[in-house]
2 protein chains.
Amino acid sequence: MELELTDVSALACCPPMVDEALTEAAAVDLARGFKALGDPVRLRLLSMIAARGGNEVCVCDLTDAFAVKGPTISHHLRVLREAGLIDCERRGTWVYYWVIPSALAPLSQLLDTSALTPTA
Amino acid sequence: MELELTDVSALACCPPMVDEALTEAAAVDLARGFKALGDPVRLRLLSMIAARGGNEVCVCDLTDAFAVKGPTISHHLRVLREAGLIDCERRGTWVYYWVIPSALAPLSQLLDTSALTPTA
DNA sequence: TCTCTGTCTTGACGGTTATCGAATCAAGGA
DNA sequence: TCCTTGATTCGATAACCGTCAAGACAGAGA
């Protein structure tokens, strides 16, 4: 399970873009995260993992919910992991995944528009 | 300027995914938005447009900030527009773009993790 | 009308990505 | 030790995407 992981700490620094435009470097970092979210299968995989809160999800519970085959699920989980959005651990026969909230937070904050619509 | 635009209203319906996993249909819709954000040039373009708040930005003010050529800027602006994240209008010689906050909001809310980290 | 400037579209090229079958690896149990 | 099950990796293929040069279009001004 050796992968090149995105440095999450570098992302935890982002005011809403309605307040301040991104630098080129910040855009490269953050776009990596959004790109990982830009596939329907990956986005739903992440949501199924995240919906367990801090708990974990077994891959075996994910695969059945999708039309795509096992290797494709593995591929998408790897992309999410390389983006630093999730992590995993093998315990016995099964592999468990969980979400990394500190990686999601900057992405959410960047898109926050509450400064434009104060009463919405 | 006739394009197929994503229906924004269909997106304005999304609780954080830490509370509830996405349906397949919702994932397809939302992934379209994230996919548009998944390129460094596009993300920075959007941030430069959004940073003006409700005001508009002339394309001529965007082009100089990037290494890529005019057609590439046009292409990325079109992708952002087809995703429903921005809109534009021509006035005289110049074309002005502005952000659509109601399209950004659901994406931000979906990634909100405050329910997991109450005091962060 | 012609010309100039700003923006977009077209067409093409090279690189990337999603997907799957087959093979591989990891762990448990017979 | 062998077999079975869960998950990943490998290799190949088809589709997609970012980029640019060249050309087209829109509007302003002479």
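Computed from a predicted model, the values in this text were never measured in an experiment. Just so we're on the same page: letters track the sequence lines, and every chain starts at 1.
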Minimum-distance nucleotide to B:V95 side chain [options: C:dT7, D:dC16, D:dT9] = C:dT7
Would you say a side-chain N or O of B:S74 is under 4.0 Å from OP1 or OP2 of C:dC8?
-> yes
From C:dT19, C:dC20, D:dT19, pick the nucleotide closest to the side chain of B:V68?
-> D:dT19
Which nucleotide in the list D:dT19, D:dA21, D:dT8 gets nearest to the side chain of B:K69?
-> D:dA21
Under 4.0 Å between any heavy atoms, over every strand shown, what does B:H75 touch: base, sugar-phosphate, or nothing? Just pick one.
-> base
Could you check which of D:dT8, D:dC20, C:dA18 has an atom nearest any side-chain atom of B:T72?
-> D:dC20
Axial cation check for B:F66 ring with B:R44, 6.0 Å and 45° limits | yes
Verdict with reasoning, B:L37 to A:L111, per side-chain contact (heavy atoms from CB on, under 4.5 Å) = CA-CA 10 Å; B:L37 302 176; A:L111 303 180; 3.8 Å; yes
Measure from the side-chain N and O atoms of A:T113 to the backbone N and O of B:L104, and report whether any donor-acceptor pair falls under 3.5 Å.
-> no
Selection from C:dT7, C:dA18, D:dG18 that lies nearest to any side-chain heavy atom of B:V59 = C:dT7
Which one, D:dG6, D:dT9, D:dC16, comes nearest to the side chain of A:R78?
-> D:dT9
Of all heavy-atom pairs linking A:G33 and A:L85, the shortest is O-CD1, 4.2 Å
Ignoring the backbone of A:P71, work out which of C:dC8, D:dT8, D:dC17 is nearest its side chain.
-> D:dT8
Sorted by position of nearest nucleotide on DNA chain C, 5' first, the leading residue of A:T93 and A:G70 is A:G70
Between C:dT17, C:dA18, D:dA26, which nucleotide has the shortest distance from any of its atoms to the side chain of B:R90?
-> D:dA26
For A:R91, which contact category applies under a 4.0 Å heavy-atom criterion: base, sugar-phosphate, or nothing?
-> nothing
